[in-house]
Amino acid sequence: MEDFSKPKIIWKIIGSRLAFTMDKEGYIVNNACYLMTGEYLLHVLAFLNSSPLIWYSEITNMNKTGVGDAQVGAQNIILFPIPKQTQKDGEITSVVNSLLNEYSEENANRLQNLIYDVFGLTNEESRV
């Protein structure tokens, strides 16, 4: 029960799209969701919701249900290539905080571009 009171990343186990969010309020989730506590959660959250990791999950044959929905467990998340923090991390976490407070397309695009930079993707590669 202690982990529920900590800041945490929450995601649904099964869905047609990967979707991760942050809980700082101490919500308790049911068994249809996973949660992750620890350090650097905003950094991790930024990458979990990024286009490169969504693409990665699709090409690595992540567990699928019979109807094709992704089944995302902790055993999948641990394999995701989330880079260590970089010089851009302060900016990344700032944009993530802004998005958690109020979504804007401008900040979502800004975050994606920062993530493309961290992965070293060219403009052409980021459009794939």
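It should be emphasised that the depicted structure is a prediction, and the values quoted were computed from it without experimental measurement. For reference, positions follow the sequence shown, starting with 1.
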Where is the tightest heavy-atom contact between [X] and [Y], given as atom of each residue plus distance?
X	Y	value
Thr37	Leu41	C-CD2, 4.0 Å
Val118	Pro83	CG1-CG, 3.7 Å
Leu99	Ser104	CD2-O, 3.6 Å
Leu100	Met22	CD1-CB, 3.7 Å

ask   = Do the ring planes of Trp11 and Tyr34 sit parallel (below 30°), tilted (30 to 60°) or perpendicular (above 60°)?
value =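 Taking Tyr34 first and then Trp11, their aromatic rings lie parallel (interplane angle under 30°).
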
ask   = Do Asn107 and Glu102 touch side chain to side chain, with heavy atoms closer than 4.5 Å?
value =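 A side-chain contact is absent here, since even the closest heavy-atom pair is not under 4.5 Å.
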
ask   = Do Leu121 and Ile115 come within less than 4.5 Å of each other through their side chains, counting heavy atoms only?
value =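 Answer no - side chains too far apart.
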
To the nearest 0.5 Å, what is the distance between [atom1] ([X]) and [atom2] ([Y])?
X	Y	atom1	atom2	result
Met36	Phe20	CE	CZ	7.5 Å
Leu53	Trp55	CG	CH2	10.0 Å
Glu106	Leu111	CD	CG	12.5 Å
Glu105	Arg110	CD	CZ	14.5 Å
Ser50	Leu114	OG	CG	11.5 Å
Lys84	Asp89	NZ	CG	13.5 Å

message = Here's a test for you: under side-chain contact (heavy atoms from CB on, under 4.5 Å), which of Leu48, Leu35, Asp23, Asn49 qualifies with Ile9?
response =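 So the option named by the test is Leu48.
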
query = So, does Lys8 use its side chain to make a donor-acceptor pair with the main chain of Tyr27 at under 3.5 Å?
reply =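 Between the backbone of Tyr27 and the side chain of Lys8 there is a qualifying donor-acceptor contact (under 3.5 Å).
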
query = Step by step, would you call Ile92 with Gln85 a side-chain contact (heavy atoms from CB on, under 4.5 Å)?
reply = CA-CA 10 Å; Ile92 288 171; Gln85 290 184 300; over 6 Å; no

inquiry  = Is there a path of hydrophobic side-chain contacts, each under 4.5 Å between heavy atoms of I/L/V/M/F/W/Y residues, joining Phe47 to Tyr40?
reply    = no

